[in-house]
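Numbers here simply count residues along the sequence, with the first being 1.
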Amino acid sequence: MAESKGKGKGNVLTERDLNEEERHALGKAAAKIHEKDFPRMSLKEACRDDAFRRAVQTKLKLKMQPGRTLLDVAIKAYRAQPKEKKPSKRREPPKRRGAPSLSPPPPAKRVTAPAAKSTPHAGQDLNEGEPVDATTEPLSEIDQFRAALQRADMAQTGEKVIPSRGDHRPRACEARKVGDKNWRKFTSRTDAAAAFSGISGSDVTKLCNKTAGSTLLAKGLEARNVYEGVSMSKSVPYALVLRIAGFKFTGGVGSDADALSVVQRGPWEIDGQSPPESWEDALKRFGEFNESQLRKFATATGESEAARVHLMNAATLTGTARLELSAKRAKASAASASETLEAMRDMIRGGYFNAVGDLDVGLRADHRDIEILYLDADAPKVAGPVMIKYEGNLVQLKGGPSIERYALAPGNLVLAQRGVRVATLYRLTPNDTTYLTADFARGTSGYTHGGEGGPYAATVTPQQQPGDFVRGLSFNPLATMELVGFHAVRGTRTAATTYGGDSIEGAGTIQFKLFLDGYGDEDLMPALDDEMFWFSQALIATSRDEPRLVEGVDVSYRRDGQGTGRSPAFLLAQPCRADTGPTLRTLRGLEYLRTNGFPIMYEVARRCNWYCVRFELVAYRDVVPTRVRLHVDKMAELSISTGGMTSAALAT
């Protein structure tokens, strides 16, 4: 094992540096060291403790210390394996690996763990149907998934199992007096009890399961199971595995071929794999998932399945019917947008919203013309939709106002007053970003701004969750950025200063590091920068006449002062309707990132959609522009929708 430990690119070993066998050996050794030498520490504390990591390094003769994420995953994987039992003819449950992973974090679409009744207990012997070594701790998501996989694996191999206690069919057994040479066979345990005096059917069960007490053993009898069990049905365990993995299907999956036809639709490429060629292969791959990989795969599958269902529904209409549907939708959308725009203008004039479209909570609370619907008054936060009813128009609040936005770009940012440059904010490394408060970006502070150099500029704008906003809860955009994965580096936030040294309020620079589950302790900002560069090149390859990246995924072109523009843009994430989630357009954009080699952008965009963050990238054809295009942000996203169907924006 020590020979392969020079592969780590950083100062510590990560999951990607080890193969499955090496991770198992690491988990086994680290678990024993934890139990023997660091028993007072929790697993989380031990993995972060330098002495513990050195002990593991010394024990295994590693060239570098194992990373804390690697240790945590390896130890949990080792401890999650079933305890060793007597050799069995059936295959052991699949082991899991610790390769990198989306996602996830507390996503909007989380994997729903199956009910306790649908999976065996962690301490249940599937061959005997009797509990052993029971634990009071609830099963984790990955443990429940592995239990479902174990049953699917048993069904796939045709193994027979003993029914659970709820099954009262007679079970064959053999019994004899201690010392007798021959066993007597009985069709049921009741028959066996009748053949010997002083015992009952339950006593025979205890003798068969080796759980008899001293009083029963003193009667000088012994018994053993000879019941061969019944073959497991494939339909239920196969369907359970597929549904946990995020697949949607209506037909049965009672055969390997049926299950394979479903599982091959999965996003296997996110881990660099091709679709499995057999259902047995799919079960083996699923068995190698760790918890973060399961969440990443299941969420990606759910998103692609949603897009597939939408496309299938649209594809069922052809010819005139499809054209009529498109025209009807376009007409309804235009009418709805017009109604929304007018309603919002009335609300601005009535004082419910300020001039930039921010809902004034204090004002709306005292007016009878506006009504907030679908709120749980007892909950501090609301995951469901926040609906606003005003003069018969029902609009949905998608997100609260933004406080400040952050720009990730290779070029610099120029600040100006009355067309004269007064300051330059430098972004020298991928970690360097600029921030502008909402008022500063809109120009209310008297400044304009513009990018100077660089092939692209990406803006990330956190907005408050609707439920939090209408309750008047506090909002910290940096906390939301951290949920996405962007961690501000302490002490790096610096206010902008003019060329003369005067401080400028509302603008400055700040450094971020990007960490995502499954990538270890590596800062992903440089990798994100690379991906955004290549994505900008894909945008540059389009045109106003041919804006399509792929089928169903188009870029947009910004307008300049003359009404046209040469810079293509793509909205990767935006605050979405809480009741329906991301739009089909957003899902198609995510699918493009997932299938075209942008895994980090894909994960960041997914998290932005989860946490009410707007994420947009603009590509520039002129890396070094002849002049800086100074501007203010004139459009304010109101983040509302009439009937929950359309969005509206007003010029300030």
Student: Looking only at heavy atoms, what is the nearest atom pair of I244 and F145, with distance?
Tutor: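 Nearest pair, atom of I244 first, then F145: CG2-CD1, 3.5 Å.
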Student: To check you understand the geometry: which heavy-atom pair defines the closest contact between Q273 and R285, and what is its length?
Tutor: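 In terms of heavy atoms, the two residues are closest at OE1-CD, 3.0 Å.
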Student: Evaluate the side-chain proximity of K296 to Q293: yes if any heavy-atom separation is below 4.5 Å, no if none is.
Tutor: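 A side-chain contact is absent here, since even the closest heavy-atom pair is not under 4.5 Å.
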Student: What residues, two or more places apart in sequence or in another chain, satisfy salt bridge (Lys or Arg N to Asp or Glu O under 4.0 Å) together with E45?
Tutor: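 Per chain and number, E45 pairs via salt bridge (Lys or Arg N to Asp or Glu O under 4.0 Å) with no residue.
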Student: Working note: S255 + D258, criterion side-chain hydrogen bond (donor to acceptor under 3.5 Å, both in side chains); need CA distance, chi angles, decisive distance, verdict.
Tutor: CA-CA 5 Å; S255 68; D258 292 338; 3.0 Å; yes
Student: Between D523 (side chain) and K513 (backbone), is there a donor-acceptor pair under 3.5 Å?
Tutor: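 The answer is no, because no donor-acceptor pair under 3.5 Å joins these two groups.
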Student: Please check if the side chain of D72 supplies one atom and the backbone of R68 the other of a donor-acceptor pair under 3.5 Å.
Tutor: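 No: the side chain of D72 does not pair with the backbone of R68.
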Student: Suppose we screen for salt bridge (Lys or Arg N to Asp or Glu O under 4.0 Å). Which residues come up paired with E531, at least two apart in sequence or across chains?
Tutor: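 Here no residue qualifies.
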Student: Quick one: does any side-chain atom of N209 pair with a main-chain N or O of T211 as donor and acceptor, under 3.5 Å?
Tutor: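 No; zero donor-acceptor contacts below 3.5 Å.
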Student: Indicate yes or no for a side-chain donor-acceptor contact from N225 to the backbone of C173 under 3.5 Å, with no hydrogens or angles considered.
Tutor: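 Judged by distance alone, no pair lies under 3.5 Å.
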Student: With rounding to the nearest 0.5 angstrom, report the NZ to CG distance, K210 to L217.
Tutor: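 K210 atom NZ to L217 atom CG measures 9.5 Å (nearest 0.5 Å).
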Student: With distance as the sole test, does R23 use its side chain to make a donor-acceptor pair with the main-chain N or O of A74 at under 3.5 Å?
Tutor: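 No, the answer is negative, given that no donor and acceptor are paired below the 3.5 Å cut-off.
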Student: Considering non-hydrogen atoms only, spot the tightest contact between V241 and A148 and give its length.
Tutor: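 Result for this residue pair: CG2-O, 3.7 Å.
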Student: Do any pairs count as a salt bridge (Lys or Arg N to Asp or Glu O under 4.0 Å) and have a residue in residues 475-489, sequence neighbours left out, and if so which ones?
Tutor: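 As it turns out, there is no salt bridge (Lys or Arg N to Asp or Glu O under 4.0 Å) pair with a partner in residues 475-489 once direct neighbours are skipped.
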Student: Could you list the residues that satisfy side-chain hydrogen bond (donor to acceptor under 3.5 Å, both in side chains) with S202, not counting sequence neighbours?
Tutor: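 S202 satisfies side-chain hydrogen bond (donor to acceptor under 3.5 Å, both in side chains) with S200 once adjacent residues are dropped.
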Student: For E35, check salt bridge (Lys or Arg N to Asp or Glu O under 4.0 Å) against everything at least two apart and list the hits.
Tutor: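 Partners of E35 under the salt bridge (Lys or Arg N to Asp or Glu O under 4.0 Å) test: R79.
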Student: My understanding is that only residues two or more places apart in sequence, or in another chain, count here; which of them pass side-chain hydrogen bond (donor to acceptor under 3.5 Å, both in side chains) with R224?
Tutor: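 So R224 forms a side-chain hydrogen bond (donor to acceptor under 3.5 Å, both in side chains) with E174.
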Student: Taking the side chain from R146 and the backbone from G287, do they hold a donor-acceptor pair closer than 3.5 Å?
Tutor: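 Indeed, once roles are kept as given, a pair shorter than 3.5 Å links the two residues.
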Student: Are any of the side-chain heavy atoms of R614 and V460 separated by less than 4.5 Å?
Tutor: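 Side-chain contact under 4.5 Å: no.
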Student: Could you check whether any side-chain heavy atom of L593 comes within less than 4.5 Å of a side-chain heavy atom of L572, counting everything from C-beta outward?
Tutor: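 Yes. Closest side-chain heavy atoms under 4.5 Å.
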Student: Is a side-chain donor or acceptor of Q264 paired with a backbone partner of S261 at a separation under 3.5 angstrom?
Tutor: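 Judged by distance alone, no pair lies under 3.5 Å.
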Student: At their closest point, which heavy atom of S278 faces which heavy atom of L260, and how far apart are they?
Tutor: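 What the structure gives for the nearest pair is C-CD1, 3.6 Å.
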Student: Taking only residues two or more places apart in sequence, or in another chain, which ones meet D49 in a side chain to side chain contact (heavy atoms under 4.5 Å, CB included)?
Tutor: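 Side chain to side chain contact (heavy atoms under 4.5 Å, CB included) check on D49 returns F38, M41, A51, F52.
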Student: With ring-ring contact (aromatic ring centres under 6.0 Å, His included) as the rule and sequence neighbours excluded, what pairs involving residues 254-285 come up?
Tutor: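 Listed by first then second residue: Y238-W279, W268-F286, W268-F297.
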Student: Who passes side chain to side chain contact (heavy atoms under 4.5 Å, CB included) against Q464, sequence neighbours left out?
Tutor: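 Result, side chain to side chain contact (heavy atoms under 4.5 Å, CB included) vs Q464: D468, F469, L473, F475.
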Student: Does the separation of the ring centres of F515 and H487 fall below 6.0 angstrom?
Tutor: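 Judged by ring-centre distance (under 6.0 Å), F515 and H487 do meet the cut-off.
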Student: Return the minimal non-hydrogen interatomic distance between L516 and L514, and the atom names on each side.
Tutor: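 Smallest interatomic distance, heavy atoms only, reads CD2-CD1, 4.2 Å.
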Student: Please identify each residue that fulfils salt bridge (Lys or Arg N to Asp or Glu O under 4.0 Å) with K234, with sequence neighbours left out.
Tutor: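 Salt bridge (Lys or Arg N to Asp or Glu O under 4.0 Å) check on K234 returns D256.
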Student: Could you list the residues that satisfy side-chain hydrogen bond (donor to acceptor under 3.5 Å, both in side chains) with T190, not counting sequence neighbours?
Tutor: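 With neighbours one apart ignored, the set is empty.
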Student: Name all residues meeting the side chain to side chain contact (heavy atoms under 4.5 Å, CB included) criterion together with A223; count only those two or more places apart in sequence or in a different chain, and write none if there are none.
Tutor: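 Result, side chain to side chain contact (heavy atoms under 4.5 Å, CB included) vs A223: A175, V204, L207, C208.
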Student: With a 4.5 Å cut-off on side-chain heavy atoms, are V73 and Y78 touching?
Tutor: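 No, too far: nothing below the 4.5 Å cut-off.
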Student: For L43 and I75, run side chain to side chain contact (heavy atoms under 4.5 Å, CB included): C-alpha distance rounded to whole Å, both residues' side-chain angles, the deciding distance at 0.1 Å, then the answer.
Tutor: CA-CA 9 Å; L43 178 58; I75 293 173; 3.5 Å; yes
Student: How long is the straight-line distance from CZ of R265 back to CG of L242, given to the nearest 0.5 Å?
Tutor: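 If we round to the nearest 0.5 Å, L242:CG and R265:CZ are 9.0 Å apart.
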